[in-house]
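Letters A, B, ... are given to chains in the order of the sequence lines, protein chains preceding strands, and every chain is numbered from 1.
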Protein chains: 2
Amino acid sequence: MAGDGGDERAHERAVAQREIALLLRRLNVELDAVGARFATAHGLNRTDVRALVAVMDAARSGEPITAGRLGEAVELASASTTALLDRLERVGHLRRVRDPQDGRRVVLEMSESAMAAGAEHFGGLQRALGAAMAGYTEQELALVARVLTDVTDAAGRYARSYGDADAQRG
Amino acid sequence: MAGDGGDERAHERAVAQREIALLLRRLNVELDAVGARFATAHGLNRTDVRALVAVMDAARSGEPITAGRLGEAVELASASTTALLDRLERVGHLRRVRDPQDGRRVVLEMSESAMAAGAEHFGGLQRALGAAMAGYTEQELALVARVLTDVTDAAGRYARSYGDADAQRG
DNA sequence: GAAGAAGTCTCGATCGTCGAGAGACCTCAC
DNA sequence: GTGAGGTCTCTCGACGATCGAGACTTCTTC
């Protein structure tokens, strides 16, 4: 840490960190914009898109999600979740299916059209991002993945620390 | 593309790219969560926060923003922008000041309290992110910054290509 | 000065979200 | 089996954010 140039090196690192923080903010804005464009292009709102993504992820994992779980995932009150499902079902993106094992539950199934729209959207975005990464080596991308993992975990912890502040006070 | 191991290497790269794309999605979710927590902690909604950030950035750049420009920045109709400014002014985060050069314009000034809240929020997040990056060298962070720049630009282009799709069809 | 453009605001309507509570279903103790 | 209590979803009424249309003020141009 010490030695000649140590201070300057620390300064350089601090600059790089600030630059990355700024880039992450810009990236967040752009990715939100992508989601917003997709939403309006399909006559949806932001919550609808988040919900479809959650349902899609659940379906992919093999554990279809229920109405209540979806409400938790998108942080919506139960009344709002019902309205959300009404909207998505009305336009044919979703089907409500009563759970035969537990008659209280409603499990959610995505329609083919919604799957296709999602695949087109995410596929396109992924291709665009892939093209942007085309100039980097496998090792470089692996490093980026490590950094992003660390940064994402830190952001998640920071987000959760907001809510826990009340709980910890006691 | 050809050659011994070429296929495998391409495969590895594709895997790394997919992993990064997934990480970016997760990161976006977490950063949105941070914004949401900040918003509710301060009695604001998502739009309010976006607006405050825009006003803050403008103030920092030395060119204070006007009501109309802000509406464009957060993609809001003029009626909604007026309501937004009413909200933010009511809670004391913002001041409306008529432009002495152009009596139609209303320029926006952030209050000290809003500046402080923003600094606390972004400062805290930046510290958290900085800590997550502490284990990497200057060169590694520089590489990450380059990749993030490319990826962010690509995301921005992709987002804008959504809207242009209609214009291009013709 | 008059005409038109630009910037902001007012009004009425629509839609997403919420809290409270109802209704259906499940679980478990008896 | 039956009743009590918990879980899950939905209904209802209210609130707030957003919008389109248009009014009003101010600037620009002729």
### Message
Starting the side chain at C-beta, find the nucleotide from C/dG16, C/dA20, C/dC9 nearest to A/S78.
### Response
C/dA20
### Message
What is the first contacted nucleotide of DNA chain D and what is the last, in 5' to 3' order, if contact means an atom lying under 4.0 angstrom from a heavy atom of chain B?
### Response
D/dA17 to D/dC27
### B/A79, nearest nucleotide to its side chain (from C/dC9, C/dT17, C/dT10)
C/dT10
#### Entry: Distance in angstrom units between B/N45 CG and C/dG16 P, rounded
16 Å
### Task
Answer with base, sugar-phosphate or nothing: what part of the nucleic acid does A/A67 contact at a heavy-atom distance below 4.0 Å?
sugar-phosphate
### Message
At 4.0 Å (heavy atoms only), tell me whether A/T66 reaches a base, stays on the sugar-phosphate, or touches nothing.
### Response
sugar-phosphate
### Message
Once you apply a heavy-atom cut-off of 4.0 Å, does B/L84 come out as touching a base, just sugar-phosphate, or nothing?
### Response
nothing
### Query
Within less than 4.0 Å of OP1 or OP2 of C/dG7, is there a side-chain N or O belonging to B/R105?
yes
### Message
Between A/R25 and B/D57, does any side-chain N to carboxylate O distance fall below 4.0 Å?
### Response
yes
### Summary
dist B/D150:CG -> A/L23:CG (nearest 0.5 Å) comes out at 10.0 Å
### Task
Take the protein atom CG of B/L76 and the nucleotide atom P of C/dG7, then report the distance between them rounded to whole Å.
17 Å
## Note on the structure
In whole angstroms, the gap separating C1' of C/dT8 from CZ of B/R69 amounts to 14 Å
### Query
What is the nucleic acid contact for B/T81, judged by heavy atoms within less than 4.0 Å: base, sugar-phosphate only, or nothing?
nothing
### Task
Calculate the interatomic distance between A/D48 atom CG and C/dG16 atom C1'; express it in whole Å.
9 Å
### Task
Take the protein atom CZ of B/R96 and the nucleotide atom P of C/dG7, then report the distance between them rounded to whole Å.
17 Å
### Query
Please give, in whole Å, the distance from C/dC26 P to A/D99 CG?
9 Å
#### Entry: Flag, side chain of A/R105 to backbone of A/G68, donor-acceptor distance under 3.5 Å
no
